[in-house]
Amino acid sequence: MSVVAGSPPTPFKGLAPFQDTELDAQLFCGRDREREVIVANLLASRLTVLYGASGVGKTSLLRAAVTPALRGVPDAAVVFYSSWAGDPRHGLGEAIDSAVGIESSASLTERLAAASEAVGGDVYAILDQFEEYFLYHERDEFADELAAAIREPGLRANFLLGLREDALAKLDAFKGRIPNLFANYLRLDHLDREGGRAAIVGPIERYNNELTGETVEVEPELVEVVLDQVAAGEVDVGRAGRGGVEKDEDRIEAPYLQLVLERLWQVERERGSTVLRLATLRELGGADSIVRAHLERALGSLAPTDQDVAATMFDHLVTPSGSKIAHRPRDLAQYAEVRESDVLPVLDALGRERIVRAVDGAGGGERYEIF
Ligand SMILES: Nc1ncnc2c1ncn2[C@@H]1O[C@H](COP(=O)(O)OP(=O)(O)OP(=O)(O)O)[C@@H](O)[C@H]1O
Ligand SMILES: [Mg+2]
């Protein structure tokens, strides 16, 4: 049993990704197979590309499952890096140094070589949110250094790039500079129903058995209804119904699952209950109402003019017949009669709250749709 200081742990994360902590590693469930595949690839290949839809759970899987598994490899160092706004040559370089406790200031390849020498084995560099690298940087020296490190024969370092699938085409910038770039591509899919079930029941079991010794229960029928309600295409955050969206029971929207369970947990605990109940979910109005309340809160935190922009955008992100439809920022700006530079921060804020997401504009640039 591990001791957790501070406020009592809760088994659910809300919209936050799982972190690389002992607690989150224990609470993270539903991705065993994916973890094995990713770890096997990272161990065997110089470069692995992990991509998937926004919010599908890439960061959580990398931080709470893959990273701890790699740390179990003897004589190896694991470097996780995901802040691309600054100078990544500096930031990643420092992350490499601090992972092995050295100080250097050479090129990426040299730093990796020094780190590998320091541990007497391999360095695994996980570069997450890599789509943000392209957001902040044009082809710069870091891209050259990274490509050089990936190509360097004999260097004991393997790399994983994690990125959203709508940004996948941007990796073309590396094509030609990295041989076999596309040889090792892994797509992370949504949690399927089985994985979704594990993501509800697993954390509660671990909360009970490993973290607290309590005996919180979850009604089996609640689990199935939550999974029904957070399947892709099921939650309706648009103004009109989303009749046209194809429902897919086997594609669980993990952020919605988290929002619903977090809320249920909070309500039951406030009532002193040790059972998560279907009746409570119904009383709260189901996943729709819980997600909608989140939407209202998120909109409420925007400036009044941005709220107007958001409202007009929503009107256009759902067709009159109720299907969701993706639009470019430029077009959304036109609908809202504002500049593109006015809609981008709103899209960004709503993206962070998992209300809209970027999807692949198939060559025509990024489009946004309701989550
Ligand atoms: N296995 C899981 N079980 C339960 N919840 C999960 C799981 N994986 C991810 N989540 C939840 O899904 C949401 C999105 O997770 P995460 O940020 O890891 O996704 P992502 O694919 O990295 O998103 P982005 O594309 O924005 O980087 C979070 O609320 C997280 O807590
Ligand atoms: Mg992520």
Side-chain angles (χ1 to χ4, degrees), residues 34-51 58 61-63 66-84 86-134 136-163 167-188:
E34 290 88 342
R35 184 202 61 228
E36 278 171 27
V37 172
I38 295 168
V39 169
N41 274 275
L42 244 169
L43 291 178
S45 309
R46 179 54 73 84
L47 175 63
T48 303
V49 176
L50 177 73
Y51 69 102
K58 303 176 292 297
L61 174 56
L62 292 173
R63 300 217 83 164
V66 171
T67 302
L70 289 171
R71 236 189 264 111
V73 177
D75 304 326
V78 189
V79 179
F80 185 98
Y81 189 74
S82 61
S83 14
W84 301 104
D87 175 6
R89 283 200 304 170
H90 180 72
L92 176 58
E94 290 213 319
I96 294 167
D97 284 2
S98 80
V100 296
I102 57 172
E103 259 183 58
S104 65
S105 58
S107 72
L108 186 57
T109 302
E110 288 161 327
R111 280 179 121 144
L112 286 164
S116 149
E117 194 167 314
V119 291
D122 293 309
V123 180
Y124 301 107
I126 301 180
L127 311 182
D128 191 28
Q129 306 303 141
F130 202 68
E131 70 281 351
E132 292 191 1
Y133 168 72
F134 298 111
Y136 293 112
H137 306 272
E138 297 282 315
R139 245 190 85 159
D140 61 6
E141 285 133 1
F142 174 75
D144 294 330
E145 284 205 4
L146 180 61
I150 293 172
R151 280 196 317 257
E152 181 69 22
L155 181 67
R156 298 193 65 180
N158 286 351
F159 302 81
L160 180 143
L161 304 184
L163 82 169
L168 208 48
K170 304 215 169 101
L171 283 183
D172 284 357
F174 286 94
K175 249 192 204 163
R177 285 195 278 174
I178 304 175
N180 299 325
L181 172 62
F182 296 95
N184 210 22
Y185 249 58
L186 304 175
R187 180 169 192 274
L188 185 64

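Considering only heavy atoms from C-beta on, L43 stays 4.5 Å or farther from N158 through its side chain. Within the 4.5 Å cutoff, the side chain of R89 has no heavy atoms near those of the L108 side chain. V73 is not listed as a side-chain neighbour of D122, based on a closest heavy-atom distance of 4.5 Å or more. Side-chain contact between L171 and Y185 is present, with at least one heavy-atom pair separated by less than 4.5 Å. Between L160 and V66, every side-chain heavy-atom pair lies at or beyond the 4.5 Å cut-off.
The two residues R156 and S116 have their closest heavy-atom pair at CB-OG, 3.4 Å. The heavy-atom pair separating A114 from I102 by the smallest distance is CB-CD1, 3.8 Å. In terms of heavy atoms, Y124 sits closest to L70 at CB-CD1, 4.0 Å. In this structure, V79 and A99 approach most closely via the heavy-atom pair CG2-CB, 3.8 Å. Summarising the geometry of T67 relative to L62, their closest heavy-atom pair is OG1-O, 2.6 Å, with the distance given to 0.1 Å. Considering every non-hydrogen atom in both A149 and F159, the closest pair reads CB-CZ, 3.9 Å.
Taken to the nearest 0.5 Å, the CD atom of Q129 stands 10.5 Å off from the CH2 atom of W84. Expressed to the nearest 0.5 Å, how far CG of L155 lies from OG1 of T109 amounts to 6.0 Å. Rounded to the nearest 0.5 Å, atoms CD (E131) and OH (Y51) are 14.5 Å apart. In this structure, CD in E34 is found 12.0 Å from CZ in R187, a value given to the nearest 0.5 Å. Taken from CD in E103 to OG in S98, the straight-line distance is 10.5 Å, to the nearest 0.5 Å. Rounding to the nearest 0.5 angstrom, the gap separating the NE2 atom in H90 from the CG atom in L92 is 11.0 Å.
For the pair H137 (side chain) and E132 (backbone), a donor-acceptor distance under 3.5 Å is absent. A donor-acceptor distance shorter than 3.5 angstrom exists from the side chain of R111 to the backbone of S104, with no hydrogens or angles considered.
By the 30° and 60° cut-offs, the orientation of the rings of F130 relative to F134 is perpendicular.
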Could you go through the side chain to side chain contact (heavy atoms under 4.5 Å, CB included) check for R46 and R151 one step at a time? CA-CA 8 Å; R46 179 54 73 84; R151 280 196 317 257; over 6 Å; no
Side chain to side chain contact (heavy atoms under 4.5 Å, CB included) evaluation trace for L161 with F174: CA-CA 12 Å; L161 304 184; F174 286 94; 5.6 Å; no
Test log, rule side chain to side chain contact (heavy atoms under 4.5 Å, CB included), inputs Y133 and L163: CA-CA 10 Å; Y133 168 72; L163 82 169; over 6 Å; no
Test side chain to side chain contact (heavy atoms under 4.5 Å, CB included) on V123 and V100; report intermediate values, then the result. CA-CA 10 Å; V123 180; V100 296; 5.7 Å; no
